Amino acid sequence: MVRTRFAPSPTGYLHIGGVRTALFCWLFARGQGGEFILRIDDTDQQRNVESALAPILHGLKWLGIDWDEGPDIGGPYGPYYQSQRQDNYRAAAARLLASGHAYLDYATPEEIAAEREAAQKEKRPFLYSRKYMAATPEQQAEFAGQGRSAVVRLKMPREGKLVLDDLIRGRVEFDWALEQDHVIQRADGSCLYHLASVVDDNDFEITHVIRAEEHLSNTPRQIFILQALGYPLPVYAHLPFVAEPGSKNKLSKRKLDTYLKNRDFAQVNEHGQAIAQALGLEVAKETFNPVVVDFYEQVGYLPDAIINYLALLGWSLDDQREFFTRDELIQSFSLDRVGKAGASFDPKKLWSFEDHYMRELEPTKKLELMLPYLQRAGLIADPAPAADLDKLAQIIAASGDRLKVAGDILAYADFFFAPELTYDQDAFEKRLRKPGAADLLARYRETLAALATWDVATLEQATHEFLNAAGIKIGDIIHAIRVATTGKAVGPGLYDCLAILGREETLRRIDQSLAAI
RNA sequence: GGCCCCGUCGUCUAGAGGCCUAGGACACAGCCCUUUCACGGCUGCGACACGGGUUCGAAUCCCGUCGGGGUCACCA
């Protein structure tokens with residue numbers, strides 16, 4: 001049985017790179033008929049683990065990445081928080097100590113640092129002298145007598161090589177003599193990440209460790225622990241990084257300001273910020289931007305689009321398939337089709353997947369998705385009146401491909417529901433204050449008022465007849481009509497807008513605009 | 001700096017010696033369509049990091065150089 005795990009530390013937000021890793025673990029497990037486990041790496045014991053974890057679990061759920069065992073649902077191998085498994089780690093550290101694979105070290109951090117600096121100065125690789133290694137009870141007593149306290153260090157081999165067969169990297173060799181005697185347990189008894197990680201992977205019976213490339217150089221010490229404990233080795237697969245837009249640097253939340261200078265990133269960001277603002281959301285740029293998954297949920301992206309895009313970030317099936325349903329992804333995903341080079345995150349390409357999936361979404365689904373946005377903006381009541389629902393369906397149909405994310409509905413529908421028309425000032429000046437515009441608009445109003453029926457076809461025909469009679473071209477008036485009735489320079493097709501508005505409201509708005517000119 | 005990984009269009013990638021005067025997608029530019037916006041159609045721009053080998057033949061194999069990245073914690 002294949003078992004993979006994703007082990008986030010509770011940071012308070014779900015990073016796009018982290019999701020990609022989780023996705024590959026999940027895809028692989030599901031494709032193999034295996035299990036996907038969530039484990040929380042909180043050995044650092046921060047205060048509000050629960051609140052820092054919630055957004056991460058929520059984000060994964062939103063994307064449809066589900067787990068078989070984890071902190072919220074438990075499982076046969078629980079608990080799934082490392083902070084609650086310290087006893088296991090301590091027991092392992094004790095075994096390592098007993099078997100001579102680790103030792104008590106009484107050096108102070110300053111002494112270690114001094115040795116490291118000396119080595120650096122002499123340009124030789126640093127290796128701890130083991131000067132304060134206490135091999136016997138006598139030595140322990142002596143060092144302790146000096147007021148020193150002990151940490152547990154790994155006693156790494158100082159000769160030979162480790163050969164790692166990575167599923168993605170292939171064969172990778174490391175010199176044992178270059179591996180440090182890492183601390184695995186602090187003086188206060190708390191255990192560190194590498195020990196914890198390895199012990200848990202074994203306890204959870206993880207068969208495939210699929211993680212980001214940054215862990216590749218940590219692998220030797222982890223394998224050392226595994227072997228010392230007599231545990232079987234999992235299969236390793238180190239994924240290439242998700243890199244910054246337009247660069248090869250690892251994507252990080254820290255460098256937001258740099259990304260904002262990237263045109264594509266900035267564009268996607270601004271679009272999202274505008275929607276957040278229309279919703280009245282209070283957002284901080286540190287937690288609400290295209291690096292954070294929550295951004296996409298708030299703005300109204302489709303999980304399928306994100307999953308599809310992310311799957312292709314470092315993986316491909318062949319030279320033609322681009323669009324995959326979840327099941328197809330699970331069916332076709334394989335680790336040997338994962339590339340080795342880092343892949344940079346391209347917000348515009350994600351956008352194009354979003355475009356594709358939104359376009360294919362059933363109208364009823366779109367409505368379901370978009371209605372809450374209008375309700376949150378206070379434009380439609382909750383529960384929604386049938387008339388509003390009907391109107392919204394018409395607006396969505398009329399907007400067609402213009403709606404890329406659910407939040408876009410705000411810009412395309414607000415003027416249908418808002419009690420008062422608000423004008424785009426530039427458009428108002430340009431289209432309505434234009435000489436002759438008011439006069440034409442007033443005459444057009446009479447044409448509309450005289451119409452026997454009120455639908456798109458009639459409106460279009462009547463408008464063209466009006467143009468002929470007036471001896472003008474459509475471009476001479478259509479913009480004025482749009483601004484006068486919707487307040488905006490852009491929107492769904494004009495006849496659609498008028499049809500949805502209805503005769504009474506259309507005439508009312510034209511009159512109001514005429515008065516405002 | 002040591003160690004490790006990586007290196008095909010701006011980006012994601014196809015390519016496992018001849019199918020490659022290197023294919024697709026996104027982006028970009030231009031044109032067409034058009035009442036705005038968006039869509040759509042067409043066209044264009046655009047890459048095998050470099051240098052040596054091996055071979056009849058190399059993007060594909062080998063070596064070197066250069067470049068990029070990661071990692072070197074009593075963080076995870």
Side-chain angles (χ1 to χ4, degrees), chain A residues 7-11 41-44 82 105 107-109 112-113 116 119-120 123-126 149 151-153 164 166 168-170 172-175 177-180 182-188 190-194 196-197 212-220 238 240-241 243 245-250 263-264 309 312-323 339-353 355 359 399-404 408 411-412 427 431 460 463 467 473-483 486 488-495 497:
Chain A
S9 41
T11 52
D41 281 11
D42 61 344
T43 51
D44 216 17
Q82 290 196 323
D105 180 52
T108 63
I112 296 288
R116 183 176 289 117
Q120 206 155 40
K123 296 198 166 158
R124 62 178 161 79
F126 165 65
S149 55
V151 298
V152 179
R153 278 185 194 279
L164 168 67
D166 189 279
I168 293 169
R169 310 275 138 192
V172 184
E173 291 189 5
F174 296 89
D175 234 330
L178 265 10
E179 294 298 320
Q180 303 299 321
H182 284 278
V183 174
I184 54 174
Q185 186 173 18
R186 296 186 180 97
D188 67 3
S190 62
C191 293
L192 275 342
Y193 170 74
H194 291 291
S197 179
E213 191 186 343
E214 60 185 300
H215 287 288
L216 187 55
S217 43
N218 295 151
T219 310
H238 287 94
F241 282 116
S247 128
K248 290 295 178 197
N249 292 28
K250 185 173 91 165
R263 187 179 64 166
D264 295 343
Y309 169 72
L312 259 20
L313 206 54
W315 173 84
S316 69
L317 180 64
D318 54 33
D319 61 340
Q320 24 197 305
R321 290 288 305 276
E322 276 242 282
F323 297 110
K340 295 179 180 181
S344 63
F345 174 62
D346 181 352
K348 271 298 188 61
K349 184 131 188 177
L350 202 197
W351 178 263
S352 79
F353 276 94
D355 181 23
R359 194 180 290 238
S399 300
D401 299 336
R402 295 171 182 84
L403 303 167
K404 307 295 189 194
D408 282 339
Y412 283 92
R431 303 303 187 184
E460 184 163 3
T463 303
L467 296 176
K473 286 179 299 189
I474 188 137
D476 296 330
I477 188 174
I478 195 149
H479 302 291
I481 302 170
R482 177 183 292 283
V483 177
T486 71
K488 300 192 176 193
V490 302
L494 182 66
Y495 306 119
C497 286

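Note that the coordinates shown come from a computational prediction; the quantities given were computed from them, not determined experimentally. Lettering follows sequence order; numbering is per chain, from 1.
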Could you check if a side-chain atom of [X] sits within less than 4.5 angstrom of a side-chain atom of [Y], using non-hydrogen atoms only?
X: R359(A); Y: K404(A); value: yes
X: I112(A); Y: R116(A); value: yes
X: R186(A); Y: L192(A); value: yes
X: Q120(A); Y: F126(A); value: no
X: P240(A); Y: R169(A); value: yes

Which nucleotide, in any strand shown, forms a Watson-Crick or G-U wobble pair with [N], with both distances under 3.5 Å?
N: rG44(B); result: rC28(B)
N: rU36(B); result: none
N: rA14(B); result: none
N: rA58(B); result: none
N: rG1(B); result: rC72(B)
N: rG51(B); result: rC63(B)
N: rU21(B); result: none

Original post:
5'-most contact on RNA chain B: A343(A) or W351(A), nearest heavy atom basis?
Top reply: A343(A)

Original post:
Hey, which of these two, L216(A) or G342(A), hits RNA chain B nearer its 5' end, going by closest nucleotide?
Top reply: L216(A)

Atom [atom1] of [X] to atom [atom2] of [N]: distance rounded to whole Å?
X: F174(A); N: rG2(B); atom1: CZ; atom2: P; answer: 17 Å
X: E322(A); N: rA25(B); atom1: CD; atom2: P; answer: 8 Å
X: F353(A); N: rA25(B); atom1: CZ; atom2: C1'; answer: 8 Å
X: D346(A); N: rC28(B); atom1: CG; atom2: P; answer: 10 Å
X: D408(A); N: rA38(B); atom1: CG; atom2: C1'; answer: 11 Å
X: L312(A); N: rU11(B); atom1: CG; atom2: C1'; answer: 13 Å
X: Y309(A); N: rC26(B); atom1: OH; atom2: C1'; answer: 9 Å

Subject >> B/S/- contact track for nucleotides 59-76 of chain B, protein heavy atom under 4.0 Å >> reply: ---------SSSS-SBSB

Subject >> S197(A) (side chain) donor-acceptor with H194(A) (main chain) under 3.5 angstrom >> reply: no

**OP:** Answer yes or no: is there a donor N or O on one side and an acceptor on the other, between the side chain of T219(A) and the main chain of H215(A), under 3.5 Å?
**Re:** yes

**OP:** For the side chain of R263(A), starting at C-beta, report the closest nucleotide among rC28(B), rA38(B), rC5(B).
**Re:**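 Side chain of R263(A) sits closest to rC28(B).
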
Original post:
Which nucleotide in the set rC5(B), rC3(B), rC26(B) lies at the smallest distance from any side-chain heavy atom of V172(A)?
Top reply: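 Nearest listed nucleotide: rC5(B).
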
Which pair of heavy atoms, one from [X] and one from [Y], lies closest together, and at what distance?
X: H238(A); Y: D166(A); answer: ND1-OD2, 2.6 Å
X: Y309(A); Y: D346(A); answer: OH-N, 2.8 Å
X: R402(A); Y: D408(A); answer: O-OD2, 4.1 Å
X: Y495(A); Y: T463(A); answer: CE2-OG1, 3.6 Å
X: R321(A); Y: L317(A); answer: CG-CD2, 4.1 Å

Say we look at [N] and [M]: how far apart would their [atom1] atoms be, to the nearest angstrom?
N: rC62(B); M: rG18(B); atom1: P; answer: 16 Å
N: rU60(B); M: rC20(B); atom1: C1'; answer: 11 Å
N: rG2(B); M: rU8(B); atom1: P; answer: 24 Å
N: rG17(B); M: rG57(B); atom1: C1'; answer: 7 Å
N: rU55(B); M: rG69(B); atom1: C1'; answer: 34 Å
N: rC26(B); M: rU21(B); atom1: C1'; answer: 25 Å
N: rA25(B); M: rA47(B); atom1: C1'; answer: 15 Å
N: rG30(B); M: rC37(B); atom1: P; answer: 14 Å

Subject >> Test side-chain contact (heavy atoms from CB on, under 4.5 Å) applied to D264(A) and W351(A), step by step >> reply: CA-CA 10 Å; D264(A) 295 343; W351(A) 178 263; over 6 Å; no

Any protein N or O atoms within reach of nucleotides 32-36 of chain B? Criterion: under 3.5 Å, listing atom names and distances.
residue : atom : partner : partner atom : Å
rU36(B) : O2'  : A489(A) : O            : 3.3
rU36(B) : O2   : G491(A) : N            : 3.0
rU36(B) : O2   : G491(A) : O            : 3.4
rU36(B) : N3   : R482(A) : NH2          : 3.1
rU36(B) : N3   : G491(A) : O            : 3.0
rU36(B) : O4   : R402(A) : NH2          : 2.9

**OP:** Decide yes or no, distance alone: a donor-acceptor N/O pair under 3.5 angstrom between the base of rA38(B) and the side-chain of K404(A).
**Re:** no

For nucleotides 14-20 of chain B, list the nitrogen or oxygen atoms of the protein found under 3.5 Å from its nitrogen or oxygen atoms, one pair per line.
residue : atom : partner : partner atom : Å
rA14(B) : OP1  : S316(A) : OG           : 3.0
rG15(B) : OP1  : R337(A) : NH1          : 2.9

Original post:
Given rC6(B), is OP1 or OP2 found less than 4.0 Å from the side-chain N or O atoms of K340(A)?
Top reply: yes

Subject >> Short side-chain N/O contact to rA38(B) OP1/OP2 from S399(A), under 4.0 Å >> reply: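 Answer no for this pair, as no side-chain N or O of S399(A) is under 4.0 Å from OP1 or OP2.
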
**OP:** Please state whether the rings of F323(A) and F353(A) are parallel, tilted or perpendicular, taking 30° and 60° as the class boundaries.
**Re:**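 Perpendicular: the ring planes of F323(A) and F353(A) meet at over 60°.
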
Original post:
So what does R359(A) touch, heavy atoms closer than 4.0 Å: a base, only the sugar-phosphate, or nothing?
Top reply: sugar-phosphate

